Amino acid sequence: MGASHYTLFDIPSGKEPSVTWTPNPWKTRLVLNFKGLDHQTQWVEYPDIKPTLESHVAPNEKGMPYSIPTIISPDGTYIMDSRKITEYIEAQSPLPSLHLDSVYVEKVERLWSQYMGAIMPIFLPRVPKRVLNQESQEYWYRTREEWLGMSLDQLEKEKGGEKAWNAAEPILREVTALLKETEGPFFSGDTASYADLVWGSIILFNQALGQDVFDEALKRSGDAQVHLDLLKAVQLWA
């Protein structure tokens with residue numbers, strides 16, 4: 001007989017006990033909790049991701065060949081990539097609905113990607129210093145610096161700080177405008193959708209990076225309260 005629960009592969013933080021910190025695993029954890037699905041976590045340090053997954057799932061076509069989040073479904077199927085996981089879970093457990101057809105989902109996913117790109121010079125140098133265990137720090141520096149062609153200190157010096165926040169500000173304000181289209185706390189008013197979990201993952205990530213990052217993002221948003229209201233609403237599934 002197969003397992004009756006899902007297994008979520010996640011990356012540990014430097015805190016004990018470990019907590020989810022990075023946005024893509026947050027999306028999947030929020031989805032599992034939103035659906036009320038029984039699950040357990042298997043914490044995997046960055047250097048162990050490929051050895052853990054490569055015999056079970058085909059590599060990603062873009063980006064890192066093997067990535068987290070990955071889940072094992074109750075029937076033993078491995079699914080990698082937060083969006084693919086979400087679609088799988090929605091098909092297996094349609095209720096409560098994630099409303100993947102909501103107009104807000106596509107908009108918020110686009111803004112999620114734009115925001116992560118804008119603050120990359122802020123979070124890439126901070127993650128190993130503020131979040132990761134020692135087992136993952138060397139891997140993070142080596143792979144990210146190979147990808148960028150520069151050190152993370154140089155990235156932060158040349159493109160971080162005010163430059164990065166100035167790039168992020170219009171994105172944050174666009175999210176704020178979407179949240180203010182209804183009475184909230186969700187993008188669709190009093191009905192939660194996947195869009196709320198997607199942006200919730202960003203707010204939770206900002207928190208994990210430190211109070212300074214969290215506060216600056218809220219300040220740049222133009223209306224901190226709508227983001228705090230959304231955070232309070234999604235905490236039910238966090």
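All values derive from a computational prediction rather than experimental measurement.
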No-hydrogen, no-angle side-chain donor-acceptor test under 3.5 Å, [X] and [Y]:
X     : Y     : value
Lys27 : Asn24 : yes
Thr77 : Asp75 : yes
Thr41 : Asp10 : no

Spatial distance of atom [atom1] ([X]) from atom [atom2] ([Y]) [nearest 0.5 Å]:
X      : Y      : atom1 : atom2 : value
Ile68  : Thr20  : CD1   : OG1   : 10.5 Å
Trp237 : Leu197 : CH2   : CG    : 6.5 Å
Leu148 : Thr143 : CG    : OG1   : 9.5 Å
Thr28  : Ile89  : OG1   : CD1   : 6.5 Å
Asn206 : Ile119 : CG    : CD1   : 5.5 Å
Trp43  : Asp48  : CH2   : CG    : 14.5 Å

Determine whether Gln40 and Ile72 satisfy the following criterion, side-chain contact (heavy atoms from CB on, under 4.5 Å), listing intermediate values before the conclusion.
CA-CA 10 Å; Gln40 64 182 21; Ile72 309 174; over 6 Å; no
Are any non-hydrogen side-chain atoms of [X] and [Y] less than 4.5 angstrom apart?
X      : Y      : value
Trp21  : Val127 : yes
Val213 : Arg130 : yes
Pro185 : Leu230 : no
Pro96  : Phe34  : yes
Glu158 : Lys163 : no
Lys35  : Gln92  : no

Stepwise salt bridge (Lys or Arg N to Asp or Glu O under 4.0 Å) test for Glu106 and Arg110
CA-CA 6 Å; Glu106 181 181 357; Arg110 171 179 55 82; over 6 Å; no
Is it true that a side-chain atom of [X] and a backbone atom of [Y] form a donor plus acceptor pair closer than 3.5 Å?
X      : Y      : answer
Asn166 : Glu162 : yes
Glu145 : Leu152 : yes
Ser93  : Leu95  : no
Thr182 : Phe186 : yes
Asp196 : Phe187 : yes
Ser18  : Pro12  : no
Trp140 : Leu124 : yes
Ser201 : Val198 : yes
Glu90  : Leu98  : yes
Trp199 : His227 : no

Begin from the C-alpha positions of Leu204 and Gln235 and carry the test side-chain contact (heavy atoms from CB on, under 4.5 Å) through to its verdict.
CA-CA 9 Å; Leu204 291 161; Gln235 285 288 359; 4.1 Å; yes
Does atom [atom1] of [X] have more than 12 heavy-atom neighbours from other groups under 6.0 Å away?
X      : atom1 : result
Glu146 : CD    : yes
Glu138 : CD    : yes
Glu183 : CD    : no

Between Gln207 and Leu231, is a side-chain contact (heavy atoms from CB on, under 4.5 Å) present by the stated rule, with each step listed?
CA-CA 11 Å; Gln207 276 192 324; Leu231 176 61; 3.7 Å; yes
Answer yes or no: is there an ion pair linking Glu216 with Lys219, defined by an N-O contact shorter than 4.0 Å?
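Salt bridge flag = yes for Lys219 with Glu216.
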If you take the centroid of each ring, where Trp contributes its six-membered ring, are Phe123 and Phe205 closer together than 6.0 Å?
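Close enough - the centres of the two rings lie under 6.0 Å apart.
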For [X] versus [Y], what's the shortest heavy-atom pair and its separation?
X      : Y      : result
Ile171 : Leu111 : CG2-O, 3.6 Å
Leu172 : Ala217 : CD1-O, 3.5 Å
Ser193 : His99  : CB-CB, 3.8 Å
Glu45  : Asn133 : OE2-ND2, 2.9 Å
Ile122 : Pro125 : O-CD, 3.4 Å
Ala238 : Trp26  : O-CH2, 3.5 Å

Is there a path of hydrophobic side-chain contacts, each under 4.5 Å between heavy atoms of I, L, V, M, F, W or Y residues, that connects Val44 with Val19?
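The answer is no; the residues belong to distinct hydrophobic clusters.
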ILVMFWY cluster, Leu179 and Leu236 together (side-chain gap under 4.5 Å):
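In one cluster with Leu179: Leu236, yes.
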Does the cation-pi check pass for Arg144 over Tyr46, that is, NZ or CZ under 6.0 Å from the six-membered ring centre and within 45° of its axis?
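Judged by the rule (NZ or CZ under 6.0 Å from the ring centre, within 45° of its axis), Arg144 counts as positioned above Tyr46.
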Mind checking what makes salt bridge (Lys or Arg N to Asp or Glu O under 4.0 Å) contact with Arg126, not counting sequence neighbours?
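Arg126: salt bridge (Lys or Arg N to Asp or Glu O under 4.0 Å) contacts with Glu156.
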From CA spacing to verdict: side-chain hydrogen bond (donor to acceptor under 3.5 Å, both in side chains), Tyr104, Glu181:
CA-CA 11 Å; Tyr104 289 107; Glu181 286 183 355; 2.6 Å; yes
Considering the options Tyr6, Tyr88, Tyr78, which one meets the side-chain hydrogen bond (donor to acceptor under 3.5 Å, both in side chains) requirement together with Ser73?
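Only one of Tyr6, Tyr88, Tyr78 forms a side-chain hydrogen bond (donor to acceptor under 3.5 Å, both in side chains) with Ser73, namely Tyr88.
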I'd like a table of donor-acceptor pairs (distance under 3.5 Å, sequence neighbours excluded) in which one partner is a side-chain atom from residues 54-66, with atom names and distances.
residue: Asn60; atom: ND2; partner: Met64; partner atom: O; Å: 2.9
residue: Asn60; atom: ND2; partner: Pro65; partner atom: O; Å: 3.4
residue: Asn60; atom: ND2; partner: Ser67; partner atom: OG; Å: 2.9

Step by step, work out the side-chain contact (heavy atoms from CB on, under 4.5 Å) result for Glu109 and Tyr194.
CA-CA 9 Å; Glu109 286 185 318; Tyr194 185 55; 3.4 Å; yes
